[in-house]
Amino acid sequence: MTDLTKLTITEALKGLKEKKFSAVELTKEYLNKMESCRELNAYVLETPEKALEQAKAADEKYKNGTNGALEGIPLGIKDLFCTRGIRTTACSHILDGFVPPYESTVTQKLLDAGAVFLGKLNMDEFAMGGSNETSFYGPAVNPWSKDKKLVAGGSSGGSAAAVAANICAAATGTDTGGSIRQPSAFCGVTGIKPTYGRCSRYGIIAFASSLDQIGPLGRSVEDVANLYEIICGNDPMDATSAVREYGAFGKKINRSVKGLRIGIPKEYFGDGVEPEIKTAVMESVDKLAKEGAQTVSISLPSTDYALSAYYIISSAEASSNLARFDGVKYGYRTKDYTNLIDMYEKTRSEGFGDEVKRRIMLGTFVL
C-alpha cells in the first residue's frame, strides 16, 4: 500500500475525493509516523484526539459534498500561532500552561478550509534564533542528519523538520529575518515568506511587529502556493493587513519565466558566503536563464547596513512586545517573591531564556 504520508497535498486531496482512503485513515498514518519520529523533537504538543475528531468531520463533509479546499489534510502548526483550547507557548517557559481563548486568523482560515491539526511545532523561543536551539523544549533535529546532530534551522525549525520527515502534510511558519526561508533550505522543503501585510498577524505571538510575517512550508511549490492562497487576505483585526485582491497562486506556478527580469545583487556574494552555496545559487540562476529569464547584475549598496538595521528594529520591538509577560495575567509566575516588583523581576528572569533576555536588553538600550 502507498505510504500516505509521502503524498503531496494535491495528491492527498485527489485520493480523498476519489475515496481511495478516508481522512481518518490519512490522519492515523500521520499519527503513527509521528510516534516513530519523536527523536526529531519536531512537535512540542501532539493533539491526536482533536485531529481524529476533525478527520471524522472531514469524512462526513466528503460524503455530503460540502468539503473545503483542504478538507482532511493533516497540518502542523508552529507554536507561535494561538489555537483556541490548545496550549500555545512560543516555546518559552514564561508561557507555561497558556491556553488561548481565541484562534489566530491564519489558523482559523485553515480550519475553515477543512484542515486537520496534528499538534504544535517546535521553534526558537519567541522566534528568536536561527537554529531552533533556543526552544525551552530543546532543539528540533534535521531529519536528514544520520547522527541526529544537524540543526533544522530556525526559528521555524520544527515546521521544516516535520514537513521533511513526512510527519505533517505541510506546516505554518513565521519569518522575521529568515525564519521560514532558512529552515526550509536546511531541511530541503519549500517555504515562502510572503510580502509583509499579505497574511494577518492577528493571533500570532509578536516578536518584531513591523517585520513578522506568516507563511507556509510544504513539499512542493504547488502545495505552498495553494496554502498561501488560503491564508492570505485582508483582516480587519490586523491594522497592518494589506487591502488588496489576491489571485489564484496555484494556477500561476507553471507559467513560463521567459522575459522575466531577475536581479542578482553583487553584495549577496561577498565575504562570508560559502563557495558551495554560491555555486548552488548560480546553478539555479543559470537554469532560469536557460528557461528564458533575463538575469542582470545589480547593486544594493545598503546591504551592508541590513543586519544592523534588523537588530535595532527587531530588538527594540521585542523589548516592547515582551513587556506584557510579567506573571500577572497568564503563563508562568515565580513561586517565591516578596512584593510586586520582586515578582516581575523573578518571573521574567526565570521565564525567559538567554537569547530572549539578550534581545530584550539590547532593545531596551536602543529605545
Would Y43 and Y137 count as a close aromatic pair, with their ring centres under 6.0 Å?
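No; Y137 has its ring centre 6.0 Å or more from that of Y43.
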Report the relative orientation of the aromatic rings in F249 and Y228; use parallel for angles under 30°, tilted for 30 to 60°, perpendicular for over 60°.
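Plane angle under 30°, so parallel.
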So F207 and Y310, would you call those rings parallel, tilted or perpendicular, with 30° and 60° as cut-offs?
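Rings of F207 and Y310: perpendicular, as their planes differ by over 60°.
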Using a 3.5 Å distance criterion without hydrogens, assess whether the side chain of [X] forms a donor-acceptor pair with backbone atoms of [Y].
{"X": "T47", "Y": "L118", "answer": "yes"}
{"X": "D223", "Y": "T10", "answer": "yes"}
{"X": "N41", "Y": "V141", "answer": "no"}

How close do G76 and L121 get, counting heavy atoms only, and between which atoms?
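So the minimum-distance heavy-atom pair works out to C-CD1, 3.4 Å.
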Among K120, R87, R38, whose salt bridge (Lys or Arg N to Asp or Glu O under 4.0 Å) with E46 holds?
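Of the listed options, the one satisfying the test is R38.
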Any side-chain heavy atom of [X] within less than 4.5 Å of one from [Y]?
{"X": "I205", "Y": "L95", "answer": "yes"}
{"X": "E355", "Y": "F126", "answer": "no"}
{"X": "K17", "Y": "N67", "answer": "yes"}

Going through the distances and angles, do K63 and E60 end up as a salt bridge (Lys or Arg N to Asp or Glu O under 4.0 Å)?
CA-CA 5 Å; K63 283 180 184 176; E60 285 301 312; 3.6 Å; yes
